[in-house]
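Notes for the one structure printed next.
The figures here come from the full heavy-atom set of this structure, side chains too, leaving out hydrogens, waters and symmetry mates. Residue numbering restarts at 1 for every chain, and letters A, B, ... go by the order of the sequence lines.
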Protein chains: 2
Amino acid sequence: MTRITIADAGRHVGETVQIPGWLYNLRRSGKILFPQVRDGTGIMQCVAQKNALPEETFNALRHLTQESSLIVTGRIREEQRAPGGYEMDVEGVEVLQRVAEEEPYPITPKEHGIEFLMDQRHLWIRSRRQHAILRVRHEVIRAIRDYLDSHGFTLVDTPIFTPAACEGTTTLFETKYFDDDLVYLTQSGQLYNEATAMAFGKVYCFGPTFRAERSKTRRHLTEFWMVEPEMAYATLDDVKQVAEELIVYVVGRVVENRRQDLATLERDLSKLESVQSPFPRISYDEAVKFLQEKGSEIQWGGDFGGPDETLLGEAHDRPLIVDRFPAAIKAFYFQPDPERPEVALGADFIAPEGYGEIVGGGQRIHDPDLLLKRIEEHNLPREAFNWYIDLRRYGSVPHAGFGMGVERVVAWLCGLEHVRETIAFPRMLYRTRP
Amino acid sequence: MTRITIADAGRHVGETVQIPGWLYNLRRSGKILFPQVRDGTGIMQCVAQKNALPEETFNALRHLTQESSLIVTGRIREEQRAPGGYEMDVEGVEVLQRVAEEEPYPITPKEHGIEFLMDQRHLWIRSRRQHAILRVRHEVIRAIRDYLDSHGFTLVDTPIFTPAACEGTTTLFETKYFDDDLVYLTQSGQLYNEATAMAFGKVYCFGPTFRAERSKTRRHLTEFWMVEPEMAYATLDDVKQVAEELIVYVVGRVVENRRQDLATLERDLSKLESVQSPFPRISYDEAVKFLQEKGSEIQWGGDFGGPDETLLGEAHDRPLIVDRFPAAIKAFYFQPDPERPEVALGADFIAPEGYGEIVGGGQRIHDPDLLLKRIEEHNLPREAFNWYIDLRRYGSVPHAGFGMGVERVVAWLCGLEHVRETIAFPRMLYRTRP
């Protein structure tokens with residue numbers, strides 16, 4: 001007997017096949033049962049008639065509990081009213097494991113609190129919404145990689161264990177490394193990207209990054225995935241162009257390939273279809289003025305708070321590019337604007353609908369003396385940065401890059417309140433389990 | 001003026017273009033200079049004639065130092081004798097940064113010791129061989145993802161911070177997590193994969209993993225990348241089949257797309273072209289007998305040592321699949337062979353030419369009582385495994401999966417002595433820098 005996946009049902013219309021899966025839901029209507037079977041690729045509406053099955057089978061199915069594992073055998077039929085477009089007329093059922101009535105599957109259709117669901121995360125990911133979100137996540141990651149791979153970027157993985165801090169020392173996780181010193185968990189692959197960009201021209205790293213931030217907000221995880229492209233012989237303008245193209249491409253791919261998942265999430269597609277080039281662009285100066293007019297207490301020189309980002313993002317139907325931030329609030333490696341050294345050649349992309357910053361990047365210092373000065377000003381341990389300074393000694397060139405956080409992009413595309421649902425097993429200030 | 005990459009030169013024959021890059025090498029021959037310029041996509045052989053250039057430009061180029069950054073302008077010409085098939089007749093040179101004579105680029109064509117090169121890893125990756133290896137690595141990773149994405153596997157990233165040990169507690173890196181308990185850095189995403197496989201059917205995770213092993217061998221890194229596919233409703237046979245198909249696909253992609261890099265590495269292509277299905281398959285029992293005949297001191301019940309793996313691998317022209325190991329030397333979660341409970345339904349793939357184990361996997365226990373027994377026998381903290389046990393309570397099904405280490409596969413395909421060259425910034429017992 002052919003075993004198929006539910007996603008493939010359309011190629012087996014009229015055939016009798018087997019679907020291995022789990023009981024997602026069961027509706028009973030006298031002599032007919034309507035079990036919904038999920039297999040990870042979709043949900044199949046099945047129809048089991050009493051007179052078409054051995055009595056024992058029918059009764060077993062009738063009393064089957066949620067999430068019991070089973071293999072259903074039956075004939076696939078087109079049915080426009082069914083969610084996936086097909087139904088199965090059940091001819092046989094093999095139950096692998098019946099979930100015990102005394103200890104039923106803990107997640108029921110009724111409402112559960114978020115802490116309970118997070119404790120059951122290993123099961124919660126079977127639910128329709130969570131399933132849809134993680135499929136969108138996969139598409140986002142594939143689209144990012146496809147874009148970069150087909151635009152001349154070489155993937156060069158950067159290390160997780162790092163001897164030096166990249167984004168400041170206060171938010172580092174430390175690990176004891178054998179008998180030696182401590183090492184830190186990477187906050188960004190960027191410094192290493194600068195080395196690999198000098199070897200490969202255009203590179204990216206894409207892996208987990210770590211921030212020991214004590215912030216308990218809807219936009220923060222302690223462990224999150226970030227893609228970071230970096231380009232030699234490139235400037236702030238290249239960052240804006242590439243990041244914009246990348247975002248338009250990723251959103252387009254998700255709209256095209258994950259339409260059904262977006263429907264499950266009740267996502268307003270028009271909000272995503274409007275994400276087209278060109279993105280609006282303003283300077284930090286203009287952003288501060290705009291925010292002050294909207295009632296924000298921000299002053300020139302301050303960083304945007306979450307509410308500021310929300311105000312900026314809500315004003316547009318696609319990401320807003322804000323550039324030339326005060327150098328003082330940016331990392332030590334930002335290239336200053338030659339015409340106005342108090343601002344850095346950096347840019348942030350603020351997502352619409354209040355989803356905050358999704359991209360941050362800019363041009364890096366390529367002058368060795370200026371870099372040394374900044375390392376001193378920031379009280380960074382020069383010895384740990386010797387290799388990084390070398391990049392300015394041996395064929396230094398203007399270079400630029402950016403980071404894009406996967407979880408924030410997924411939260412935005414899926415229309416989620418909180419980033420905790422955008423990754424299978426989120427790690428937050430008070431959560432490291434399951 | 002059009003800027004091009006060296007990889008694209010073939011599309012610009014007869015045109016005058018700019019190539020931004022670095023001086024890789026310079027040969028002088030009276031009134032002609034032959035600078036080799038690298039840009040990360042390739043190396044361009046250039047020809048600079050004294051009478052075709054301003055004297056100042058010619059002299060600057062004549063004395064230019066290795067790895068100085070420059071933009072060369074010139075006309076592209078087909079030249080079959082040139083390594084890439086094209087040459088550039090130089091019409092202009094702009095030097096961005098001349099590397100100082102007093103502090104020359106540290107890596108010269110002469111031989112350097114490995115520790116010196118590892119200290120200069122941020123620069124060493126610019127060298128032809130290292131460059132080729134990392135491009136092969138990128139192709140390996142792309143091929144793995146393409147294979148899995150097109151065979152119905154969903155990427156579900158598993159967490160790095162984990163509360164429980166997966167492969168035993170002796171080789172864990174610990175991290176302090178805020179004020180709370182310690183967390184561990186993941187050694188494998190497998191336990192989490194089992195949860196996601198029950199939600200998605202076929203899944204994979206692909207990220208860095210960590211082992212605090214005090215072994216200083218040519219096959220070990222403390223931080224390495226691993227892909228781990230996992231399948232619900234699957235058995236040991238599925239693991240063997242999928243892993244074999246995956247390896248054949250990956251090797252084929254590398255041979256097809258990275259032929260020039262393999263030539264740079266002087267890799268014998270016939271050794272890779274022979275990697276075709278079917279792979280030879282033997283049992284652990286047979287392997288022990290074979291090894292004893294070859295003079296190994298291994299006894300039934302013992303694990304293969306490095307030399308044993310080398311002996312096994314060298315006997316074949318493609319990976320060897322060894323299955324049904326003694327349960328006692330395998331992790332707690334292996335399903336025992338129902339006909340012979342002292343052996344586990346696991347399989348290892350041993351690469352040819354002495355490259356050792358590249359794949360390990362098998363079928364997992366799906367019976368809740370047996371799993372509980374194993375957790376007790378292994379003295380594992382049951383509380384931390386509650387969620388994992390849940391997977392056997394709520395619709396348990398036979399399931400199986402495997403892990404494949406990227407670095408070992410790259411070392412094998414590139415024909416390298418040591419895995420340290422297969423990743424941009426290797427982390428080993430005595431190395432966390434640069």
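With chain B as the partner, the residue from A/His366, A/Glu194, A/Met428 showing the most heavy-atom pairs under 4.5 Å is A/Met428. Most heavy-atom pairs under 4.5 Å with chain A: of the set B/Gly201, B/Ala195, B/Pro159, B/Ala212, this distinction falls to B/Pro159. When each of A/Arg214, A/Arg137, A/Glu67 is checked for heavy-atom pairs under 4.5 Å with chain B, A/Arg214 comes out on top. Between chain A and the options B/Thr432, B/Ile141, B/Asp146, B/Asp119, the largest number of non-hydrogen pairs under 4.5 Å is found for B/Thr432. For chain B, the option among A/Gln130, A/Glu174, A/Gln66 with the highest count of heavy-atom pairs below 4.5 Å is A/Glu174. No other option in A/Thr41, A/Leu23, A/Asp390 has as many heavy-atom pairs under 4.5 Å with chain B as A/Asp390. Per-residue heavy-atom pair counts under 4.5 Å with chain B were compared for A/Arg135, A/Arg38, A/Arg98, and the maximum is reached by A/Arg38. Residue with the most contacts toward chain B among A/Ile160, A/Val156, A/Leu70, A/Ile423: A/Ile160 (heavy-atom pairs, distance under 4.5 Å). The candidate with the highest count of non-hydrogen atom pairs below 4.5 Å against chain A, out of B/Pro426, B/Ala424, B/Gly21, is B/Gly21.
Between B/Leu134 and A/Phe200 there is a side-chain heavy-atom pair separated by less than 4.5 Å. Residues B/Tyr233 and A/Leu96 form a side-chain contact, since some pair of their non-hydrogen atoms from C-beta on lies under 4.5 Å apart. Side chains of A/Phe425 and B/Thr196 form a contact here, defined as non-hydrogen atoms less than 4.5 Å apart. Side-chain contact between B/Val183 and A/Arg433 is absent, with no heavy atoms from C-beta onward closer than 4.5 Å. No side-chain heavy atom of A/Tyr394 sits under 4.5 Å from any side-chain heavy atom of B/Ser68. Side-chain contact between A/Asp149 and B/His138 is present, with at least one heavy-atom pair separated by less than 4.5 Å. No side-chain heavy atom of B/Trp387 sits under 4.5 Å from any side-chain heavy atom of A/Gln120.
Residue B/Glu139: no heavy atom, backbone or side chain, is found under 4.5 Å from chain A. At a 4.5 Å heavy-atom cutoff, A/Arg128 makes no contact with chain B through either its backbone or its side chain. Proximity to chain A (any heavy atom under 4.5 Å) is shown, for B/Thr65, by neither the backbone nor the side chain. Contacts between B/Pro208 and chain A at a heavy-atom distance below 4.5 Å involve the side chain alone, from C-beta outward. For B/Ala197, the part sitting under 4.5 Å from any heavy atom of chain A is the backbone (N, CA, C, O) and nothing else. Interface remark: A/Asp39 contributes backbone atoms only to the contact with chain B (heavy atom separation under 4.5 Å). Proximity to chain A (any heavy atom under 4.5 Å) is restricted, for B/Phe210, to the side chain, taken from C-beta onward. Contacts of B/Pro104 with chain A are made by backbone atoms alone, with heavy-atom separations under 4.5 Å and no side-chain atom involved. Within the 4.5 angstrom heavy-atom criterion, only side-chain atoms of A/Arg3, from C-beta onward, approach chain B. Residue A/Phe153 touches chain B through its backbone alone, counting heavy-atom pairs closer than 4.5 Å. Only the side chain of B/Arg145 comes within contact range of chain A, with heavy atoms under 4.5 Å apart. Residue contact with chain A, scored on non-hydrogen atoms closer than 4.5 Å, involves the backbone of B/Arg392 exclusively.
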So A/Thr222 and B/Tyr177, side-chain hydrogen bond (donor to acceptor under 3.5 Å, both in side chains) or not? Walk me through it. CA-CA 10 Å; A/Thr222 54; B/Tyr177 198 80; 2.7 Å; yes
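Heavy atoms only, all atoms of each residue included: B/Arg427 and A/Thr162 are closest at NH2-CA, 4.5 Å.
Atom-to-atom distance recorded for A/Phe161:CZ and B/Glu223:CD is 6.0 Å, nearest 0.5 angstrom. Here the CZ-OG1 distance, from B/Arg142 to A/Thr154, works out to 9.5 Å after rounding to the nearest 0.5 Å. Here the NE2 atom belonging to A/His122 is positioned 12.0 Å from the CE atom belonging to B/Met198, to the nearest 0.5 angstrom. Here CG of A/Asp157 is found 4.5 Å from CH2 of B/Trp225. Values are rounded to the nearest 0.5 Å.
Using a cut-off of 4.0 Å between Lys/Arg side-chain N and Asp/Glu carboxylate O, A/Arg393 and B/Glu103 are scored as salt-bridged.
Listed by chain and number, the residues in a side chain to side chain contact (heavy atoms under 4.5 Å, CB included) with A/Gln97 are A/Ser69, B/Pro368, B/Ser396 (sequence neighbours excluded).
In this structure, A/Phe178 has its ring center closer than 6.0 angstrom to the ring center of B/Phe173.
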